[in-house]
There are 2 protein chains.
Amino acid sequence: MGARNRPSSEPRVPLSRERVLRAAVAIADEGGVRALTMRRLAEQVGAEAMSLYHHVANKEDVLDGTVDLLIGEINEVVDRFDPPAEPADWKKAVRRRVLAAREILLRHRWAPALFETRSAVSPQVLRYHDGLIGLMRAGGFSHDLCHHALHALGSRALGFAQELFDPSGAGGGEESVAELEAMAERFPHLVGMLAEVAHDDPDSTLGWCDDQAEFEFGLDIILDGLDRLREAG
Amino acid sequence: MGARNRPSSEPRVPLSRERVLRAAVAIADEGGVRALTMRRLAEQVGAEAMSLYHHVANKEDVLDGTVDLLIGEINEVVDRFDPPAEPADWKKAVRRRVLAAREILLRHRWAPALFETRSAVSPQVLRYHDGLIGLMRAGGFSHDLCHHALHALGSRALGFAQELFDPSGAGGGEESVAELEAMAERFPHLVGMLAEVAHDDPDSTLGWCDDQAEFEFGLDIILDGLDRLREAG
DNA sequence: ACCTGAACACCGTTCAAGT
DNA sequence: ACCTGAACACCGTTCAAGT
């Protein structure tokens, strides 16, 4: 669209891997990963689709690259954080890093799903986890416990968790209230839980949970559990 | 392939949604989700691609259906489990269910990644979680804590967790040992941890972790944390 | 009711040719 | 060195036509 009307004042910006990847993120932000095609990507940077192949190996490389780019953004933010004042503050420091990562990824909703599909090890992901280990080591973790900790946290370390019930999917609208009664026979415990949770908070149904609060709840359970193991030695 | 040589003795099995979905699982088992195309699926059931559309709405429906089918398998298994002998055994019961689910999903490595992309609520997923809530309620959980618990568990409830470092990816081979030294400067904590973990278990590098043990470690941290919250009331 | 062939509008990617 | 048009081998899906 905007590729044609380039003012003659600014010279034609040459293509580069960086520029291609930033364009890829912009496209996915607007229309999801499905909208991210090589042809659309070329259009975004004002070139032909085949020109992209001089700067990225193929589409897989583009996807790997966008992941790396986003985690790079996260690293830029968390690297600026002050180190914890005392060793016992490791938990506070890790928590802050994870929530900062989450804040950035929340601006790129398509990214978490993409992570799962990437098998290439992203240097930026390595750097992020290296920082986490550093905090835990300073807080008194053994290398072995660090290792377990990374596995236990999994994708939560980067600020996201797989939501099996999508808020945007079916089940959050008004009709679901009526449907709930019909479902009560098949899923008594689930409907019972929802009825009570919804009673406490009228806005809350399965699709209307407070994602942020629930994420922090799960994160804290894990961090507290790790802290207890660290104390036990 | 095998669609042509149908012995005349057995009559032509008519197409059905169930048969299509089972074929879809078989294809994904063999070649991953990428191999699962409508044309390949048609071939597998011995029909033309367009015939599929009389039994499934579209490809999205096929993907939703395979997820539902797999969780259905899980439900069949866990529904046969005996209820816990005493209320305090809720944790043992939940643990057993989760590990049973994991056992089944490990036979379909492509499934977890697919889950993340599904927004439709699968009836079988609802049924599975309904059962989990039932166990927790019997164990003394409030509805509110059940709700938090499901969020905290996330995909772990179904027996999988996002592995950010893929064992099959780069980093597990012999060359990685040499690479580790070069990486030591950039990722000192990570390399330090790996060096020590590898010392304890020579086979173990970042790509060679004991997935099952690490999954259970994370699961137990969460279950223990929930138990503590339940006791606290 | 169920199945099919041809066709449409897309993909990612290769190749030979341009500057 | 960087970019491009045409072309290839695929996709999912629609449509009109068959039994």
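Protein chains get the first letters and strands the later ones, always in sequence-line order, with residue 1 at the start of each.
Computed from coordinates, the B:Arg40 CZ to D:dG12 P distance equals 12 Å when rounded to whole Å. One interatomic measurement links the two molecules: CD1 of B:Ile27 to C1' of D:dC11, which rounds to 15 Å at whole-angstrom precision. Distance B:Tyr53 OH to C:dG5 P: 16 Å, rounded to the nearest Å. Between A:Leu41 atom CG and D:dT4 atom P the separation is 13 Å, expressed in whole Å. Atom CD of B:Glu60 and atom C1' of D:dC11 are 14 Å apart (whole Å). Atom-to-atom, CG of B:Leu52 to P of C:dG5 comes out at 13 Å; the value is rounded to the nearest Å.
Of the candidates C:dT4, D:dA7, C:dG12, the closest approach to any side-chain atom of B:Met50 belongs to C:dT4. Side-chain proximity of A:Glu48 to the nucleotides D:dG12, D:dG5, C:dT13 is greatest for D:dG5.
By the 30° and 60° cut-offs, the orientation of the rings of B:Phe115 relative to B:Phe160 is tilted.
Between B:Leu36 and A:Ser16, it is A:Ser16 whose nearest contact on DNA chain D lies nearer the 5' terminus. Each of A:His55 and B:Met38 has a nearest nucleotide on DNA chain D; the 5'-most of these lies closest to A:His55.
Among the atoms of the strands shown, only primed sugar atoms or phosphate atoms (P, OP1, OP2) are found under 4.0 Å from some heavy atom of B:Thr37.
For D:dC2, its base never sits under 3.5 Å from the side chain of A:His54 at any donor and acceptor pair.
Phosphate proximity of D:dT4 to A:Ser51: present, with a side-chain N or O under 4.0 Å from OP1 or OP2.
In this structure D:dT14 sits in a base pair with C:dA6, meeting the Watson-Crick or G-U test at under 3.5 Å.
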